[in-house]
Amino acid sequence: MCRLLGYTSPTSPSAADLIGADEGRQWQNLGRLHADGWGTAWIDDDPTGTEVVQRFRTPHEGADNPRLTEALDADASTGRTAHLRIVTTGMADLEENTHPFLASDIALAHNGSVHPVERLREYVTTAEVERIGGTTDSAIIFALILRRMDEGENLFDATVATVRMLRTDFDHPGINLLVLSPEEMIVVHATAGTPIPYLDGDLPPDHHDHYYRMSWQRFDDGATIVSSSGLEHRGWSLIEQNTAMRLTVADGAENVVRV
């Protein structure tokens, strides 16, 4: 159970440049409820000038963390994802289980769950999971995507095929994903029938009835930003259920398929 935020742009804005610092604070404040860790991945240049995906993550609360504030407000990039975590029952609150996961210059952040995780673990080898790190269903999803890429599929096709397989083999899995590479961001919204988690108290917008809802906003310059529920989302559009969307960093082009 987590919150997602991500964007791509042909230019290099910060998240606040796209949605404003106030909405950035609103998203960061979701970390008071989703308080079991946070992380962010972004596209950056390595010392040779090659674009790579970098990552920072910590198992500590992000709501008041100045590093997360800076990542949202000031750190510019052509692509960024951010993740706030509530630990799924039975999953350890460790840095290795904190999102985003990073391997092969690809970062994956997940909101939802695939159960029973014991059966899901039968789909991967120990070496495939060790490549990712962590013990969660999210790490296994990533391992399955990378396996398909190792067999020659591109990132989008591998992600789509993995999600379709899991939706066929498991009962109402929750699979909201942001998958970032130097060239693209893949957005998956596939939570039809997934039970909404019980959360008590005074909750952020849509957390009672539309916890897994995802929304997006397009800009004239080709930038696109996506978010889980929890923001007011004025001027945003809903992402259609059971879809995967590929957003190209260089030109903002989109490709949407059913999963």
Side-chain angles (χ1 to χ4, degrees), residues 2 4 6 8 39-46 48-57 77-81 83 91 94-170 173-190 242-250 253-259:
C2 309
L4 301 171
T8 62
T40 182
W42 66 97
I43 300 170
D44 199 2
D45 289 339
D46 71 7
T48 69
T50 302
E51 287 191 332
V52 296
V53 175
Q54 307 275 17
R55 175 193 62 184
F56 174 84
R57 60 181 180 170
S77 177
T78 55
R80 178 179 295 276
T81 64
H83 183 276
M91 301 296 178
L94 303 170
E95 181 172 325
E96 67 182 21
N97 288 335
T98 305
H99 304 222
F101 299 96
L102 179 65
S104 299
D105 216 21
I106 299 166
L108 179 142
H110 173 217
N111 171 36
S113 59
V114 181
H115 292 292
V117 70
E118 293 77 14
R119 183 159 71 88
L120 180 63
R121 289 194 179 106
E122 297 173 0
Y123 283 60
V124 293
T125 67
T126 300
E128 286 175 322
V129 176
E130 288 178 347
R131 176 183 180 185
I132 308 301
T135 60
T136 67
D137 54 342
S138 307
I140 296 170
I141 292 171
F142 195 14
L144 291 168
I145 292 171
L146 292 182
R147 177 196 293 172
R148 288 182 172 273
M149 294 187 69
D150 289 343
E151 294 170 351
E153 296 185 21
N154 64 46
L155 177 58
F156 186 49
D157 290 345
T159 302
V160 168
T162 299
V163 173
R164 286 174 174 166
M165 177 190 70
L166 294 173
R167 294 192 67 240
T168 298
D169 291 0
F170 290 82
I175 310 175
N176 285 343
L177 300 175
L178 296 181
V179 189
L180 183 68
S181 80
E183 297 82 26
E184 61 196 337
M185 182 171 70
I186 313 301
V187 182
V188 175
H189 178 36
N242 295 337
T243 60
M245 175 168 53
R246 177 180 187 257
L247 297 167
T248 305
V249 172
E254 66 186 75
N255 180 28
V256 182
V257 301
R258 301 288 301 173
V259 294

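This one's a predicted model, so the numbers in the text were calculated from it and none came from an experiment. Nothing fancy with the numbering, it's 1 onward along the sequence.
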Among Val163, Leu178, Val179, the one residue meeting side chain to side chain contact (heavy atoms under 4.5 Å, CB included) with Val188 = Val163

[X]: side chain to side chain contact (heavy atoms under 4.5 Å, CB included) partners, not counting sequence neighbours:
X: Glu184; answer: Leu155, Ser181, Ile186, Arg246
X: Arg147; answer: Val124, Glu128, Leu144, Glu151
X: Thr48; answer: Asp46, Thr50
X: Asp45; answer: Glu51

For the atom pair [atom1] ([X]) and [atom2] ([Y]), what is the distance rounded to the nearest 0.5 Å?
X: Glu183; Y: Ile106; atom1: CD; atom2: CD1; answer: 9.0 Å
X: Asp137; Y: Leu166; atom1: CG; atom2: CG; answer: 9.5 Å
X: Thr81; Y: Trp42; atom1: OG1; atom2: CH2; answer: 10.0 Å
X: Ile141; Y: Leu120; atom1: CD1; atom2: CG; answer: 6.5 Å
X: Leu247; Y: Phe156; atom1: CG; atom2: CZ; answer: 9.5 Å
X: Thr162; Y: Leu146; atom1: OG1; atom2: CG; answer: 9.0 Å

For [X] against [Y], the heavy-atom pair lying closest together:
X: Gly6; Y: Met185; answer: C-CE, 3.8 Å
X: Val114; Y: Pro173; answer: CG2-CB, 4.0 Å
X: Pro100; Y: Gly39; answer: CD-C, 3.5 Å
X: Val259; Y: Arg164; answer: O-CG, 3.6 Å
X: Glu96; Y: Arg57; answer: O-NH1, 3.4 Å
X: Ser138; Y: His99; answer: OG-CE1, 3.1 Å

inquiry  = Contact between Arg258 and Asn242 at the side-chain level, heavy atoms closer than 4.5 Å - yes or no?
reply    = yes

ask   = Would you call His110 and Leu177 a side-chain contact if the rule is heavy atoms closer than 4.5 Å?
value = yes

Pairing residues for [X] by the salt bridge (charged side-chain N to carboxylate O under 4.0 Å, His left out) criterion, not counting sequence neighbours:
X: Glu130; result: none
X: Arg55; result: none
X: Arg119; result: none

task = Scan residues 117-152 for pairs that pass ring-ring contact (aromatic ring centres under 6.0 Å, His included), counting only residues two or more places apart or in two chains.
result = Tyr123-Phe170

The criterion is side chain to side chain donor-acceptor pair (under 3.5 Å); which residues satisfy it with [X], sequence neighbours excluded?
X: Asn176; value: His189
X: Asp44; value: none
X: Arg148; value: Glu153
X: Asn255; value: none

[X] side chain to [Y] backbone, donor-acceptor under 3.5 Å:
X: Thr243; Y: Val257; result: no
X: His83; Y: Asn111; result: no
X: Asn97; Y: Thr135; result: yes

